[in-house]
Enquirer: 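Mind having a look at this structure? Questions to follow.
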Amino acid sequence: MGCCGSAERTRREWRPMEDRSCTDLPWFLLFTLFCVGMSCICGYTIATGGAARLVFGYDSYGNTCGQRNEPIEGVRLSGLDHRDRQYVFFLDPCNIDIVQRKIKSLALCVSLCPGEEMKTYEDLKTFAMLNGSELCSYELAGHKYPGLPERFDKCPKLPVPPSKALPVFNRCTPVDVSCYAKFAEAVVTFVSDNSVLHRLIAGVMASKEIIIGLCVLALGLSMILMVIIRYISAVLVWILTALVVLGSLAGTSVLWWLYIDHRLFSNTTLPRVAKETSEEAELHRDKSQALLVYATSATVFAVILLLLMLFMRKRVALTIALFHVAGKVFIHLPLLTLQPFCTFLALLLFWIYWVLVLLFLGTTGNPEQSEETGLTEFRLTGTLQYLTWYHAVGLVWISEFILACQQMTVAGAVVTYYFTRDKNRLPLTPILSSVLRLVRYHLGTVAKGSFIITLVKIPRLILMYIHNQLKGKENACARCLLKTCICCLWCLEKCLNYLNQNAYAATAINSTSFCTSARDAFVILVENALRVAAINAVGDFVLFLGKVLIVTSTAFAGVLLLNYQRDFAEWLLPLIIVCLFSFLVAHCFLSIFEIVVDVLFLCFAIDTKYNDGTPGKEFYMDKALMEFVESSRRLERVVERGRSRVKEAVVSEGAEMKPMAPGTSSA
């Protein structure tokens with residue numbers, strides 16, 4: 001049975017790549033139904049006119065621009081024929097509700113956006129008579145604008161700024177967006193002067209070629225680093241080891257020096273202080289005791305750390321060997337470097353689709369007239385409100401599904417590389433073969449693993465939203481409890497992500513279901529817990545140093561190229577953009593490298609568990625890993641010989657000290 005069953009599974013041998021079958025088919029069907037539901041939401045918004053209202057726009061009376069409309073019960077001026085009025089015009093486009101993130105002005109459908117500034121109602125009349133585009137409310141005649149008393153409420157706020165229609169969404173947008181300064185200040189809170197914002201934007205526009213070039217540089221450095229990191233990993237690991245040892249010894253020495261200095265100071269001043277007041281003397285003694293505790297704790301920590309470094313030096317050597325083999329994997333499988341691009345493209349396309357459908361949902365539903373403003377808005381009511389929640393769950397699950405597909409694809413390619421003894425006989429495109437195996441056999445496993453992550457991530461996101469909404473309102477206990485729950489869910493999500501990744505690798509090896517693969521991988525990881533700890537600790541730090549190297553190199557190149565702009569404010573924002581992009585690129589590429597290292601370790605652990613190098617049980621591993629195994633065996637033989645010699649010495653010593661029998665005593 002699966003891992004959720006109660007029956008005990010019989011012991012099964014690992015048989016890499018021998019047979020292949022569909023896994024977790026019910027979960028594939030469930031995920032397919034869920035995606036069909038997501039598509040139905042999109043179809044519903046299109047069928048009910050939400051998509052048309054978003055693209056073509058609609059006025060404040062519920063009429064869609066550019067179409068013939070049906071009357072809405074209880075809403076005046078609805079049901080108008082707007083086939084000759086294709087653009088949405090706001091009477092006061094600068095009246096923005098920052099909290100609700102929308103324009104509060106009355107909206108009308110017009111046939112032409114005003115291209116020039118209009119300062120008087122006579123200008124509005126002239127524009128309406130010449131172009132046939134009436135910018136006041138529908139019930140007002142264009143030739144009567146200057147004399148109507150309703151012109152102050154139902155005509156545009158003067159002066160009317162020149163505007164242009166957006167290319168797709170048919171909204172008349174002011175050419176000068178300075179009226180949105182209040183909104184920009186609310187978003188960019190650190191900008192107190194509009195001139196600073198304008199200078200920053202001008203700096204970005206003037207340096208756009210340099211920014212693009214630096215982004216390409218970060219991309220190239222990330223791809224190069226994945227190949228050469230196998231040559232510098234040993235140096236980075238020993239630098240890390242030296243920094244840790246020297247840092248612990250230096251910290252311990254400083255604490256002991258502070259303690260001794262404080263004791264000497266106390267011995268010279270304590271008699272005089274004791275005469276003045278006993279409280280100050282007690283304070284000196286407390287400080288000495290605290291420094292003694294700190295120094296002692298630091299000493300114990302340094303000793304434990306040094307012993308751990310000594311004890312785990314072999315496992316650090318395994319990390320270096322795995323990094324070396326991972327570099328070879330990228331040489332044999334160069335298409336692995338394209339995985340971040342493919343994943344990012346898939347996520348980007350899905351996110352664009354998701355945002356569009358979300359916007360469609362915002363203009364879908366039943367028309368409701370606001371009591372405050374009298375404007376007509378479309379809102380989902382009743383059970384239709386749950387469509388938004390369904391759509392939100394889809395964002396998390398499908399995003400995690402895409403990321404899980406990347407992990408399964410990389411795992412399948414690395415498994416193919418590892419368990420192919422003759423590397424010259426690798427498939428022509430292992431990445432494509434892995435993708436085909438994923439699509440044909442293991443989409444259900446990926447759907448199940450991503451759903452488990454979704455079950456943990458959604459409550460964490462909800463708690464984070466509650467925490468942000470209650471910021472400054474909740475008491476200290478509630479705030480601490482919320483942060484604790486968020487932290488625990490984050491840790492659980494990270495652990496499940498790591499276990500899922502190894503479960504995908506186990507599925508790629510044995511073609512077993514998600515639960516069985518997760519259990520098999522967990523058993524292997526527990527049996528090699530110290531190795532896992534060393535690889536994660538040392539490997540993560542080495543990869544972090546790689547990210548820092550890429551960011552600093554790109555930033556240094558950016559400083560040199562942007563140096564001609566002497567104004568600090570003009571090249572600060574371009575440099576920040578470049579640094580953020582370079583870190584994102586480095587993280588994406590080195591995350592692939594990390595997945596490769598983790599899959600290689602799982603394959604190595606399975607290889608050493610079920611093979612010993614004898615005929616019929618030959619190792620699959622690379623030469624670098626074979627050298628590590630041989631050195632470990634030599635060390636184990638030396639230790640075993642030392643133990644046997646000690647045991648023989650103890651036995652012989654015991655025989656010499658054995659007392660004589662009573663019958664052999666002197667006569």
Enquirer: Side-chain donor-acceptor pair under 3.5 Å between Thr23 and Thr445, yes or no?
Expert: yes

Enquirer: Quick one: does Phe451's side chain get under 4.5 Å of Val393's, heavy atoms only?
Expert: no

Enquirer: Could I get the full list of side chain to side chain contact (heavy atoms under 4.5 Å, CB included) partners for Val597, not counting sequence neighbours?
Expert: Leu322, Phe323, Ala326, Ile535, Phe593

Enquirer: Classify the angle between the aromatic ring planes of Phe583 and His587 as parallel (below 30°), tilted (30 to 60°) or perpendicular (above 60°).
Expert: parallel

Enquirer: Is the Phe34 ring parallel, tilted or perpendicular to the Tyr390 ring (thresholds 30°, 60°)?
Expert: parallel

Enquirer: If you count heavy atoms of other groups shown closer than 6.0 angstrom to OH of Tyr498, is the number above 12?
Expert: yes

Enquirer: Which pair of non-hydrogen atoms, one from Tyr418 and one from Phe604, has the smallest distance, and what is that distance?
Expert: OH-CA, 3.3 Å

Enquirer: Quick one: side-chain hydrogen bond (donor to acceptor under 3.5 Å, both in side chains) partners of Trp351, sequence neighbours excluded?
Expert: Ser399

Enquirer: Check the orientation of Tyr620 and Phe419. Use parallel for under 30°, tilted for 30 to 60°, and perpendicular for over 60°.
Expert: perpendicular

Enquirer: Asp598: what forms a side-chain hydrogen bond (donor to acceptor under 3.5 Å, both in side chains) with it, not counting sequence neighbours?
Expert: Gln501

Enquirer: What is the minimum heavy-atom distance between Thr512 and Ala506, and which atoms define it?
Expert: OG1-O, 4.2 Å

Enquirer: Do Arg437 and Ser511 touch side chain to side chain, with heavy atoms closer than 4.5 Å?
Expert: no

